[in-house]
Number of protein chains: 2
Amino acid sequence: MQIDDVDQRIIASLVADARASYSEIGERVSLSAPAVKRRVDRLRSAGVIRGFTAVVDPAAVGWTTEAFVELYCTGRTTPAQLTVATRRHPEVVGAYTVSGEADALVHLRAADIAHLEQALERLRAEPFVTSTRSMIVLSRLVDSPNIVPAPH
Amino acid sequence: MQIDDVDQRIIASLVADARASYSEIGERVSLSAPAVKRRVDRLRSAGVIRGFTAVVDPAAVGWTTEAFVELYCTGRTTPAQLTVATRRHPEVVGAYTVSGEADALVHLRAADIAHLEQALERLRAEPFVTSTRSMIVLSRLVDSPNIVPAPH
DNA sequence: AATGAAATTTCCTGGGT
DNA sequence: ACCCAGGAAATTTCATT
């Protein structure tokens, strides 16, 4: 699918404020509200825009602990297996296969340290996990959920 | 600030779809649209809801490469220094101080490998960085931007 | 094919109870 | 918290280029 400059600006606008009205966006990109809607619909159905979400302060809703865990897995572990396994754990907010020493990196979010420990144990109990290496998040310095800068 | 069960459900609803109308949300939580709006306004001004954003497929807008980089820093590096430094790099989409061997973990997003390499070099050139350890993301298995499950 | 204008429906948002 | 009402926005239809 082709994304032109106007689409880019519409996307940027929605990333900055997903609840902006079509006419508001239209003003910024010099288009009528219906035209903006049609473009947004097109971008959505093409999968460029996956959805719209609220950015919530995890601490404010009782999730104060966060960690990144490197997973070392047995030889024949497939990404599909990893996907299925990690999705089973509600504490997993991100999971990636990576190059380097580890096979995967998992981003966990939990209510507190006890909860995190419990989640970690559950994760380590997955049959393909041989060992793990954890980094507990002490403070969040930067966290731009899905900010997509203009193309390089 | 006090968050009751209804607030939790409103938040969950907005996380799932930030463009849902107040009446739509009201239906799900058995509240009138004005009541929902008042709660959302309160949650926003309290900082529980930080904002609303579009979830964009980075690949679709030309950002195909991602990496996590562990930063090893000199003894007297403050979180404030790290914040300032990492924010200078547009490729940094996340940065955290962590417990463990490394001092910080940085999440990078770039257009391609060449761009990533360049960003990494720039990051390594920061005066307080003594060494780095990179994990390039091969595939994204799970990525739930700001999904906040019900409290434990 | 994509846009703008108009018309209809739905929604937002203030004040009153 | 709900109901109500005036104004704004969304969304469909239609005509234009």
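Throughout, protein chains are lettered first and strands after them, A, B, ... in sequence-line order, and every chain is numbered starting at 1.
- Looking at B:Thr77, its side chain never comes within 3.5 Å of a backbone N or O of B:Cys73 through a donor-acceptor pair.
- Taking the nucleotide of DNA chain D with the nearest heavy atom to each of A:Arg38 and B:Leu31, the more 5' of the two is matched to B:Leu31.
- For DNA chain C, the contact window with chain B, defined by any atom under 4.0 Å from a protein heavy atom, covers C:dC11 to C:dG15 in 5' to 3' order.
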Report, one line per pair, each donor and acceptor closer than 3.5 Å where one atom sits in a side chain of residues 22-29 of chain B; sequence neighbours left out.
residue	atom	partner	partner atom	Å
B:Ser23	OG	B:Ser21	OG	3.3
B:Arg28	NH1	B:Ser13	OG	3.4

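- Taking the centre and axis of the six-membered ring of B:Tyr96, the NZ or CZ atom of A:Arg140 falls outside the cone set by 45° and 6.0 Å.
- The closest side-chain donor-acceptor pair between B:His89 and B:Glu126 falls under 3.5 angstrom.
- Two residues, A:Ser32 and A:Arg19, neighbour DNA chain C, and the one matched to the more 5' nucleotide by heavy-atom proximity is A:Ser32.
- Between the side chains of B:Thr130 and B:Thr74, not a single donor N or O lies within less than 3.5 Å of an accepting N or O.
- Screening A:Val69, A:Val98, A:Thr97 against A:Leu105 for a side-chain contact (heavy atoms from CB on, under 4.5 Å) leaves a single residue, A:Val98.
- From one end of the helix from C:dA1-D:dT17 to C:dT17-D:dA1 to the other, with five pairs defining each end axis, the axis direction shifts by 30° (rounded to 10°).
- For the pair B:Arg42 CZ and D:dA1 C1', the interatomic distance rounds to 13 Å; values are reported in whole Å.
- Proximity of a side-chain donor or acceptor of B:Arg19 to a complementary backbone N or O of A:Ala20 within less than 3.5 Å is detected.
- A:Met135 places a side-chain heavy atom less than 4.5 Å from the side chain of A:Glu70.
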